[in-house]
There are 2 protein chains.
Amino acid sequence: MKLSTKGRYGLRAIVDLAVNQQQGPVSISSIAARQSLSENYLEQLMSRLKKAELVRSVRGAQGGYVLQRDPEKISVGDVLRALEGDITPVACIGIDGMEGGCSSAHTCVTKYVWQRINESVNDTVNHIFLDTLIHESREKQSEKIECPI
Amino acid sequence: MKLSTKGRYGLRAIVDLAVNQQQGPVSISSIAARQSLSENYLEQLMSRLKKAELVRSVRGAQGGYVLQRDPEKISVGDVLRALEGDITPVACIGIDGMEGGCSSAHTCVTKYVWQRINESVNDTVNHIFLDTLIHESREKQSEKIECPI
DNA sequence: AATAATTCCAAGCGGATCAGTAGGATTTAT
DNA sequence: ATAAATCCTACTGATCCGCTTGGAATTATT
C-alpha cells in the first residue's frame with residue numbers, strides 16, 4: 001500500500017519546479033540538486049509528467065521544464081496518476097470492462113471495500129492543488145531564512 | 001499504491017471464516033477450497049490474523065479457526081493492518097518519532113499530502129466492519145442459488 | 001562554427017519484496 | 001493408533017523497484 005519513489009520524488013519535483021519557474025525554464029539538474037535526487041532518475045519522472053501534459057519542455061542550453069497549466073489547475077491526483085500509472089488499491093478496480101480478469105467480480109464481497117478505499121483516496125488527491133503546496137513551500141522557505149540560529 | 005495479496009486474500013478469508021463458523025471451527029483447507037487459495041499460503045495469513053488476536057485457533061482434528069471478537073467489532077482496518085503490517089502511503093507517516101529517518105520532516109511540503117491520504121484511507125477502513133461484509137456475502141450467496149440458469 | 005548545456009531515449013542491473021512451496025513437528029478428535 | 005488439523009521455518013522463482021549507463025538530438029552562447 002506504499003507509494004513508490006516515483007510518486008514521492010515526482011510530487012516534490014513538480015512543486016519545486018512550480019516554485020522556481022519565474023526566471024524561465026527549470027532544469028533537471030537544478031531540481032535534482034535542490035531536492036537531493038538522482039538526475040538520471042528524475043529525468044524519467046519528468047518524462048512521465050511531460051507525457052501527461054502537466055509540464056512542457058524546452059530543449060537545448062538554458063532549457064528545462066515549465067508547468068503546462070496554472071498551478072491551481074493541476075491536482076495532486078493528476079501528478080500521482082501521471083507518475084504511478086494507477087493508484088487504485090487493487091487491479092480489479094482500475095481496469096474498465098475486464099475487471100482485471102477476475103471471474104467472480106459480481107459476487108466479490110471485498111470489492112466493495114476496495115472501491116471505498118479508492119474513492120476516498122481519489123477524493124483527497126483530486127482536491128489538493130499545486131498552488132496550495134506552493135504557498136506552503138514559500139512559507140516554510142521564509143521560516144528557514146528567518147531561523148535565528 | 002497496491003494492496004498485496006496478503007490483504008486481498010486475507011480479508012476474503014476472514015469474511016469466509018465469519019460466514020462459516022456457526023458449525024464450529026473453520027479449517028484452512030475448507031477456506032482455501034471455497035476461496036481458491038493456496039493452503040500453505042493461507043496458513044501464513046491466518047497466522048498473522050491470530051497474532052493480531054482477531055482469530056483464535058483450535059488445534060487437532062476437527063480444529064480450525066474462529067473469530068476472537070464479534071464481527072461488528074472487527075474493522076477492515078484491523079484486518080488489513082494485521083496482514084499488511086502498515087498501510088500508510090509513505091514510510092515517514094507510519095513510524096512514530098523517528099519519522100522514517102527523514103531529515104527534513106518539518107520543512108517537507110509533500111508530507112501534508114501523504115498525511116491527508118493516510119487519514120482518508122484510515123477513515124474508510126476503520127469504519128467498515130466485518131458484519132457488513134458478512135451480510136453482503138449472504139445476500140450474494142442467495143442471489144447465486146436463485147440464479148435461473 | 002564550435003562548444004557547452006540541456007532534453008530525449010533505450011537498455012541494463014543489483015537488490016528487495018512478493019507469492020508461493022516444501023517439509024516436518026505438534027496437537028487432538030475419533 | 002490414526003488421521004486431521006495447526007504450527008513453524010526455510011527456501012525459491014519471479015517480478016518490480018530504484019537507479020545507472022551511454023549515447024543521440026537540440027539549442028543558447030561565444
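Keep in mind the model is a prediction, meaning the values are calculated, not measured. The sequence lines fix the lettering, A, B, ..., with proteins before strands; numbering per chain opens at 1. What's counted below: heavy atoms across the whole structure, side chains too, no hydrogens, waters or symmetry copies.
Applying the side-chain hydrogen bond (donor to acceptor under 3.5 Å, both in side chains) test to B:R59 and every residue at least two apart in sequence or in another chain returns nothing.
Here the C1' atom of nucleotide D:dT6 and the CE atom of B:M46 are 11 Å apart, to the nearest Å. The interatomic distance linking A:Q62 (CD) with D:dT26 (C1') rounds to 13 Å, in whole Å. What separates CG of A:L17 from P of C:dT7 is a distance of 11 Å, to the nearest Å. The distance from atom CZ of B:R48 to atom P of D:dC8 is 14 Å, rounded to the nearest whole Å. Taking atom NZ on B:K50 and atom P on C:dT27, their separation rounds to 12 Å, with Å as the unit. Atom CD in A:E84 sits roughly 12 Å away from atom C1' in D:dG18 (whole-Å rounding). If you measure from atom CD1 of B:I31 to atom P of D:dA5, you get 12 Å, rounded to the nearest angstrom. Distance, B:K2 NZ to C:dA19 C1': 17 Å, rounded to whole Å.
Residues B:L67 and B:R56 fail the side-chain proximity criterion, which asks for heavy atoms closer than 4.5 Å. Using a 4.5 Å heavy-atom threshold, the side chains of A:L17 and A:M46 count as touching.
Linking ILVMFWY side-chain heavy atoms closer than 4.5 Å, directly or via other members, places B:I128 and B:V121 in a single hydrophobic cluster.
Residue-to-nucleotide proximity on DNA chain D shows that, of A:G60 and A:E39, the 5′-proximal contact is made by A:E39.
If you check the side chains of A:S38 and A:N40, you find no donor sitting under 3.5 Å from an acceptor. With 3.5 Å as the limit, one finds no donor-acceptor pair spanning the side chains of B:T132 and A:Y112. No side-chain N or O of A:S120 forms a donor-acceptor pair with one of A:D123 less than 3.5 Å apart.
B:N122 places no side-chain N or O within 3.5 Å of a backbone atom of B:E119 that could act as its donor or acceptor partner. Under the 3.5 Å distance criterion, the side-chain polar atoms of B:E84 are matched with a main-chain donor or acceptor of B:S4.
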What nitrogen or oxygen pairs link the protein and nucleotides 24-26 of chain C at under 3.5 Å?
unit_1 : atom_1 : unit_2 : atom_2 : d
C:dT26 : O2     : B:R59  : NH2    : 2.9

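At a cut-off of 3.5 angstrom, the base of D:dT20 holds at least one donor-acceptor pair with the side chain of A:Q44.
Phosphate proximity of D:dC7 to B:S57: present, with a side-chain N or O under 4.0 Å from OP1 or OP2. In this structure, A:S47 does not reach the C:dT7 phosphate: none of its side-chain N or O atoms is under 4.0 Å from OP1 or OP2. An OP1 or OP2 oxygen of C:dA19 is reached within less than 4.0 angstrom by no side-chain nitrogen or oxygen of B:Y9. Proximity of A:S38 to the phosphate of D:dT20: a side-chain N or O atom is located under 4.0 Å from OP1 or OP2.
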How would nucleotides 12-17 of chain D be written as a contact map, 5' to 3', with B for base contact, S for sugar-phosphate-only contact and - for no contact, using protein heavy atoms under 4.0 Å? ------
